[in-house]
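Below is one structure, written out as structure tokens; the observations come after it.
Here is the naming used below: chain letters follow the sequence lines, and residue numbers restart at 1 for every chain.
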Number of protein chains: 2
Amino acid sequence: MTTPSTSPSEREPRWLTAGEQLVWRSYLEAATLLEDHLDRQLQRDAGMPHMYYGLLVKLGESPRRRLRMTELARSAKITRSRLSHAVARLEKNGWVRREDCPSDKRGQFAVLTDEGVAVLERTAPGHVAAVRQAVFERLTPEQQESLGEIMRIVAEGLQPAGAGADLPWLR
Amino acid sequence: MTTPSTSPSEREPRWLTAGEQLVWRSYLEAATLLEDHLDRQLQRDAGMPHMYYGLLVKLGESPRRRLRMTELARSAKITRSRLSHAVARLEKNGWVRREDCPSDKRGQFAVLTDEGVAVLERTAPGHVAAVRQAVFERLTPEQQESLGEIMRIVAEGLQPAGAGADLPWLR
DNA sequence: GGTTGCTTCTTGAAGCTTCAACAAATGCGG
DNA sequence: CCGCATTTGTTGAAGCTTCAAGAAGCAACC
């Protein structure tokens with residue numbers, strides 16, 4: 001990540017400019033700190049990592065509190081394998097239950113249980129407060145909007161592009 | 001994360017507004033996709049996860065290619081425990097070596113080896129290209145600057161605040 | 001000098017993620 | 001209806017992270 005002076009003949013790759021490096025470093029630091037912070041917050045207050053909490057939220061927002069595994073994986077931006085392990089754990093906690101799909105015998109629904117709903121209701125306020133305090137309280141409305149737009153662009157660019165081996169929808 | 005109507009008496013917690021939710025979702029999606037993308041890229045091309053690559057970079061930038069463990073951990077925003085495991089692995093790869101600190105017998109330096117330098121030189125161009133393509137090529141200069149400022153603010157807010165148990169410098 | 005408290009770094013176990021491999025069901029083309 | 005590629009979801013092993021605990025050196029104090 002060092003910048004080896006100027007590159008006269010274009011044999012040198014295109015490094016990040018000093019400014020870009022600063023941006024990138026800030027991003028990496030903030031992303032690391034933020035994810036760690038929220039992971040700890042949720043591990044402490046809800047007994048699960050951030051990603052698992054996100055899965056419960058998505059199930060809670062879905063029609064009959066259920067989603068096909070593949071759809072949940074797609075929506076959460078994770079592999080099916082990872083989801084499979086995650087749901088196994090959440091099932092052991094009693095927060096999610098699996099149900100067969102009637103129309104496709106391969107299919108499985110992940111269903112948010114009443115206990116799962118209860119955990120969400122109990123822990124959501126604290127989590128929202130943490131997000132608020134870490135992010136939204138510190139940014140102006142313009143910055144918030146800007147952040148949304150920027151991240152939307154980045155996410156979009158990564159969706160159809162990536163060569164994910166187990167993420168077919170990202171191809 | 002649902003918004004249960006307005007809250008007349010302030011018994012309801014302060015939920016995220018619809019707009020804030022959109023921003024937050026975009027952030028989470030982009031952060032997940034981006035980290036996965038770079039992790040895969042580096043695992044494939046350099047044989048190590050993104051975080052480990054970052055450690056090598058930091059060592060490479062340091063005076064005698066070395067840093068005290070605690071300082072490296074602080075700079076990378078991770079716990080010393082995590083760093084300890086990471087360096088163990090990097091040492092096994094021959095990319096980093098440990099050295100005792102003469103002035104403090106508890107201390108250890110993590111030192112980037114020549115092999116470590118070689119890996120960096122070989123893989124940095126590809127990694128920079130990936131970052132460029134995923135982030136900088138898609139953003140206007142204004143958006144880049146904005147992103148930098150926003151993430152700097154978020155990171156700053158998380159540094160001195162967090163109640164990290166093993167991250168004393170974050171208190 | 002000894003005590004007490006702090007800092008540095010490591011360790012092992014438990015939990016989470018990744019990867020490759022797999023079984024089962026689907027569905028399309030002949 | 002058969003054959004074959006595709007889709008769905010799971011599994012186990014290996015690697016990474018977290019957490020709590022601990023060994024060892026330092027430093028300040030009396």
Interatomic distance where CG belongs to A/D100 and P belongs to D/dT10 [whole Å]: 10 Å
Spacing of A/Y52 atom OH relative to C/dG15 atom C1', expressed in whole Å: 8 Å
Cluster overlap A/V111 with A/L72, hydrophobic side-chain contacts below 4.5 Å: no
5' priority, DNA chain D, between A/H85 and A/D39 [closest heavy atom]: A/H85
More than 12 heavy atoms from other groups under 6.0 Å of CD on B/E145: no
Distance, rounded to the nearest Å, where B/L42 contributes CG and C/dT18 contributes C1': 15 Å
Nearest-Å distance for atom pair CG/P, residues A/L55 and C/dC16: 12 Å
Minimum-distance nucleotide to A/T70 side chain [options: D/dG9, C/dT11, D/dC19]: D/dG9
Heavy-atom check, side chain of A/R40 versus side chain of A/H37, under 4.5 Å: no
Side chain of A/D104 (C-beta onward), nearest among D/dT10, C/dT26, D/dC16: C/dT26
Per A/S84 side chain, nearest of listed nucleotides C/dC16, D/dG9, C/dC9: D/dG9
Closest-nucleotide ordering on DNA chain C, the 5'-leading residue of A/P102 and B/E71: B/E71
Interatomic distance where CD1 belongs to A/I78 and P belongs to D/dG9 [whole Å]: 13 Å
Nearest-angstrom distance from the residue atom CZ of A/R40 to P of C/dG15: 18 Å
Spacing between A/F109 atom CZ and D/dG9 atom P, to the nearest angstrom: 9 Å
A/R82 side chain near C/dT17 phosphate (N/O to OP1/OP2, under 4.0 Å): yes
Parallel, tilted or perpendicular: ring planes of A/Y27 versus B/Y27, cut at 30 and 60 degrees: tilted
B/R106 side chain near C/dT10 phosphate (N/O to OP1/OP2, under 4.0 Å): no
Interatomic distance, B/M69 CE vs C/dT11 C1' [rounded to whole Å]: 13 Å
Any B/R68 side-chain nitrogen or oxygen under 4.0 Å from OP1 or OP2 of C/dT8: no
Backbone of B/F136 reached by a side-chain donor or acceptor of B/Q144 within 3.5 Å: yes
Residue mapping more 5' on DNA chain C - nearest nucleotide basis, A/P49 or B/R98: B/R98
Proximal nucleotide (of D/dC19, C/dC9, D/dT10) relative to the B/S81 side chain: D/dC19
OP1 or OP2 of D/dT10 under 4.0 Å from side-chain N/O of A/R80: no
